[in-house]
> 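One structure, pasted below without further comment.
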Amino acid sequence: MSIFNNYARYYDILYRDKDYVGETKFIQQLIQTHAPNAQNILELGCGTGNHAVLLAKEGYQIHGVDLSQEMLQKADSRLSQLHPELASQLKFTHGDIRHLRLNQTFDVILSLFHVISYQITNEDLLAAFTTVKEHLKPGGIFVFDIWYGPAVLTERPRVRVKRLEDEEILVTRIAEPVVHANENLVDVNYQVFIKDKNSNSVNELQETHRMRYLFKPEIELVSQKFQMTILEYQEWMTNREPGFDTWGVYFVIRG
């Protein structure tokens with residue numbers, strides 16, 4: 001997942017239209033439903049800290065972990081701009097969610113924006129769940145979202161173009177996917193053009209994000225291996241029952 005290092009600077013621009021406030025409210029509802037007494041949260045794959053800061057404002061202690069040093073630099077920069085009392089509720093650590101060991105347990109573990117779908121091999125997936133099991137308090141909950149297999153194979157990924165800008169740069173990202181049906185994987189080949197508005201110079205980045213689409217029986221099998229129980233699985237943000245048109249599905253699993 002070190003691929004994120006290359007465009008961490010542009011990450012917040014590319015996802016500026018992402019509804020972090022609405023998603024945080026949705027996450028909080030899940031926590032209040034399944035772990036109403038939760039006080040501390042571990043976020044695996046915290047990125048630049050958008051969800052973490054918003055959850056801290058709701059009163060939670062948040063420990064965010066990410067593999068990208070560049071992402072964490074932006075998270076730490078965000079942290080330095082907060083009121084000291086709020087900042088004291090947040091901590092960011094560099095780490096690989098497959099190997100992380102903090103010698104601490106948490107009421108809630110989050111892994112959002114398809115971080116689990118970046119665990120592309122069975123070994124990766126089992127290692128990530130081992131980390132969760134090691135850090136989740138008995139009776140705590142693990143909340144994560146995935147690329148949902150039935151929808152990926154029904155709608156099939158297609159070429160997408162995204163354009164966003166701020167005062168200094170214009171970002172154009174082209175995503176060209178290649179599906180590997182027998183591996184349950186999609187290679188999303190990104191071509192990113194960054195135009196400097198002052199000089200009109202253009203920088204180009206090329207990256208491939210390899211994603212794994214998953215199915216409910218797989219999640220059940222892995223959960224059972226770690227003596228965890230699926231409490232809920234629905235479409236992310238809508239709570240619709242997952243189906244052939246549901247790309248993003250979240251799971252709530254009890255430890």
> Closer than 3.5 angstrom, by distance alone: can the side chain of Asp107 be matched with the main-chain N or O of Gly140 as a donor-acceptor pair?
no
> Is it the case that the side chains of Arg212 and Asn122 hold a donor-acceptor pair, with the cut-off being a distance below 3.5 Å and no angle test?
yes
> Looking at CD1 of Ile27 and CD1 of Ile41, how far apart are the two atoms once the value is rounded to the nearest 0.5 Å?
8.0 Å
> With rounding to the nearest 0.5 Å, note down the distance linking CD1 in Ile169 to CG in Leu164.
10.0 Å
> Could you tell me if Glu232 and Tyr250 have a donor-acceptor pair between their side chains, going purely by distance under 3.5 Å?
yes
> Flag yes if Tyr148 and Leu185 sit in one hydrophobic cluster, no otherwise; membership is Ile, Leu, Val, Met, Phe, Trp, Tyr, and two members link when side-chain heavy atoms are under 4.5 Å apart.
no
> Validate the cation-pi geometry between Lys18 and Phe113: distance from NZ or CZ to the six-membered ring centre under 6.0 Å, angle to the ring axis within 45°.
yes
> About how many Å separate CD1 of Ile230 and CD1 of Ile219, when rounded to the nearest 0.5 Å?
7.0 Å
> Group every Ile, Leu, Val, Met, Phe, Trp and Tyr by side-chain heavy-atom contacts under 4.5 Å, then state whether Val178 and Ile174 land in the same group.
no
> Could you tell me if Thr208 and Asn189 have a donor-acceptor pair between their side chains, going purely by distance under 3.5 Å?
yes
> I'd like to know whether Ile141 forms a side-chain contact (heavy atoms from CB on, under 4.5 Å) with Leu231, so could you lay out the CA-CA distance, the side-chain angles of the two residues, the decisive distance to 0.1 Å, and finally the verdict.
CA-CA 9 Å; Ile141 61 168; Leu231 300 177; 4.2 Å; yes
> Before giving the answer on side-chain hydrogen bond (donor to acceptor under 3.5 Å, both in side chains), spell out for Thr48 and Asn50 the whole-Å C-alpha distance, their side-chain angles and the decisive distance to 0.1 Å.
CA-CA 6 Å; Thr48 60; Asn50 283 296; 3.2 Å; yes
> Do you reckon Val53 sits in the same ILVMFWY cluster as Ile62, going by side-chain contacts under 4.5 Å, direct or chained?
yes
> Sequence neighbours left out, what passes ring pair (Phe, Tyr, Trp, His ring centres under 6.0 Å) with Tyr60? Give chain and number order.
none
> For residues 128-136, please give each side-chain donor-acceptor pair under 3.5 Å, one per line with the distance, not counting sequence neighbours.
| residue | atom | partner | partner atom | Å |
| --- | --- | --- | --- | --- |
| Thr130 | OG1 | Leu126 | O | 2.8 |
| Thr131 | OG1 | Ile97 | O | 2.6 |
| Thr131 | OG1 | Arg101 | NH1 | 3.0 |
| Thr131 | OG1 | Ala127 | O | 3.3 |
| Lys133 | NZ | Phe226 | O | 2.9 |
| His135 | ND1 | Thr131 | O | 2.7 |
| His135 | NE2 | Leu102 | N | 2.9 |

> Measuring only between side-chain heavy atoms, which start at C-beta, is Val249 closer than 4.5 Å to Asp145?
no
> Show your working on ring pair (Phe, Tyr, Trp, His ring centres under 6.0 Å) between Tyr213 and Trp247 and close with a plain yes or no.
CA-CA 9 Å; Tyr213 50 91; Trp247 263 72; 8.6 Å; no
> Please report the shortest heavy-atom distance between Pro150 and Gly243, naming the atom on each side.
CB-O, 4.1 Å
> Please determine whether a side-chain nitrogen of the Lys or Arg among Lys216 and Glu220 lies less than 4.0 Å from a carboxylate oxygen of the Asp or Glu.
yes
> In terms of relative ring orientation, are Tyr233 and Phe251 parallel, tilted or perpendicular, with 30° and 60° separating the classes?
parallel
> Are the side chains of Val202 and Ile194 in contact, using a 4.5 Å heavy-atom criterion?
no
> What heavy-atom pair brings Phe244 and Glu155 nearest, and what distance separates the two atoms?
O-CG, 4.0 Å
> Would you name the heavy atoms of Ser201 and Ser199 that are closest together and state the gap between them?
OG-OG, 2.8 Å
> State the OH-CG distance between Tyr118 and Asp124, to the nearest 0.5 angstrom.
13.5 Å
> Does atom NZ of Lys195 have more than 12 heavy-atom neighbours from other groups under 6.0 Å away?
no
> Assigning hydrophobic clusters by single linkage (Ile, Leu, Val, Met, Phe, Trp, Tyr; side-chain heavy-atom cutoff under 4.5 Å), is Met71 placed with Met211?
yes
> Judged by atom type as modelled, is there a donor-acceptor pair below 3.5 Å linking the side chain of His94 to the main-chain atoms of Leu67?
yes
> State whether the side chain of Glu218 and the backbone N or O of Phe215 hold a donor-acceptor pair below 3.5 Å, judged by distance alone.
yes
> Show your working on side-chain contact (heavy atoms from CB on, under 4.5 Å) between Asp187 and His180 and close with a plain yes or no.
CA-CA 8 Å; Asp187 286 338; His180 302 280; 2.8 Å; yes
> Shortest non-hydrogen contact from Ala151 to Asp245?
CB-C, 4.0 Å
> Would you check if Cys46 and His51 make a side-chain contact, meaning some heavy-atom pair closer than 4.5 Å?
no
> I would like to know whether Phe144 and Leu110 meet side-chain contact (heavy atoms from CB on, under 4.5 Å); could you show each step before the answer?
CA-CA 6 Å; Phe144 63 94; Leu110 302 176; over 6 Å; no
> Look only at the side chain of Ser117 and the backbone of Trp147, and say whether a donor-acceptor pair between them is shorter than 3.5 Å.
yes
> Between Gly47 and Asp66, which heavy-atom pair has the shortest distance, and what is it?
N-OD2, 2.7 Å
> Surrounding CZ of Arg163 (heavy atoms of other residues, nucleotides or ligands, distance under 6.0 Å), is the total greater than 12?
no
> Show your reasoning for whether side-chain hydrogen bond (donor to acceptor under 3.5 Å, both in side chains) applies to Gln206 and Glu204.
CA-CA 7 Å; Gln206 292 187 352; Glu204 180 183 351; 2.9 Å; yes
> Just verifying a value: how many Å separate Gln119 CD and His114 NE2, rounded to the nearest 0.5 Å?
13.5 Å
> Counting distance only, does the side-chain N/O of Thr238 pair as donor-acceptor with the main-chain N or O of Arg240 below 3.5 Å?
yes
> Quick one: do Glu165 and Lys197 make a salt bridge, cutoff under 4.0 Å?
yes
> Do the side chains of Lys91 and Glu43 get close enough for a salt bridge, i.e. N-O under 4.0 angstrom?
no
> Take Leu44 and Leu100 through the test side-chain contact (heavy atoms from CB on, under 4.5 Å) and record every step on the way to the result.
CA-CA 9 Å; Leu44 301 175; Leu100 181 75; 3.8 Å; yes
> Establish whether Met228 and Leu42 are linked, either directly or via other cluster members, by ILVMFWY side-chain heavy-atom contacts under 4.5 Å.
yes
> Salt-bridge test for Lys25 and Asp19: reply yes if a basic N is under 4.0 Å from a carboxylate O, no otherwise.
no
> Is there a donor-acceptor pair under 3.5 Å between the side chain of Thr24 and the backbone N or O of Tyr20?
yes
> Report yes if the side chains of Leu86 and Lys57 come closer than 4.5 Å at any heavy-atom pair, otherwise no.
yes
> Quick check on Gln191: does its CD atom have over 12 non-hydrogen neighbours (other residues, nucleotides or ligands) under 6.0 Å away?
yes
> Check the side chains of Glu85 and Ser88 for a donor-acceptor pair under 3.5 angstrom, ignoring hydrogens and angles.
no
> Let's go through Gln61 and Gln89 carefully: what are the C-alpha distance in whole Å and the side-chain angles of both, what is the deciding distance for side-chain hydrogen bond (donor to acceptor under 3.5 Å, both in side chains) to 0.1 Å, and is it a yes or a no?
CA-CA 5 Å; Gln61 292 282 335; Gln89 296 171 224; 5.5 Å; no
> What distance do Asp196 atom CG and Glu168 atom CD have between them, rounded to the nearest 0.5 Å?
7.5 Å
> Measure across Ala52 and Leu90 and return the closest heavy-atom pair with its distance rounded to 0.1 Å.
O-CD2, 3.5 Å
